[in-house]
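This report concerns only the one structure given below.
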Amino acid sequence: MEALGIIGLVYLLAGIIQLVILIVLIVKFLQLAADVKQLKNLYTERSRELSSSIDKLSSAIKEQSNSKDNDKPHVAKDENIVAELKKRTQ
């Protein structure tokens, strides 16, 4: 009879330990979920900053490209004038 009491006590302790472990795992899971939300917010903020920087860089490159394109016709015209002057002097 006493053996059944010891076995029951062992089962009771095992159940309590399992309950404690379950509570610890639930708390850890909730902390993990909070960390994921924080990382998501940080990622969203950084991706907005990165997108803004890329837009600024893209517009700067376009402006630089446009200024180079505007310079090219002038250079070509200058080269044509030089070529015409050479023809006239020959």
Has Ser65 got a side-chain atom pairing as donor or acceptor with Ile61's backbone, closer than 3.5 angstrom? no
Please identify which of these residues, Ile26, Val27, Leu32, meets the side chain to side chain contact (heavy atoms under 4.5 Å, CB included) condition with Leu30. Ile26
Restricting to side-chain contact (heavy atoms from CB on, under 4.5 Å), what partner residues turn up for Gln38, sequence neighbours left out? Asp35
What residues join Leu50 in its hydrophobic cluster, counting side-chain heavy atom gaps under 4.5 Å, either direct or through other members? Ile54
Once side-chain contact (heavy atoms from CB on, under 4.5 Å) is applied, do any residues pair with Ser58, and if so which ones, sequence neighbours excluded? Lys62
What residues, two or more places apart in sequence or in another chain, satisfy side-chain contact (heavy atoms from CB on, under 4.5 Å) together with Leu12? Ile16
Members sharing Leu25's hydrophobic cluster, built from side-chain contacts under 4.5 Å between Ile, Leu, Val, Met, Phe, Trp and Tyr, are Ile17, Ile21
Does Glu45 have any side-chain contact (heavy atoms from CB on, under 4.5 Å) partners at least two apart in sequence or in another chain, and if so, which? Glu49
Single-linkage hydrophobic cluster, 4.5 Å side-chain cutoff, Leu19 and Tyr11 together: no
Among Ser59, Ser51, Ser52, find the one that has a side chain to side chain contact (heavy atoms under 4.5 Å, CB included) with Asp55. Ser51
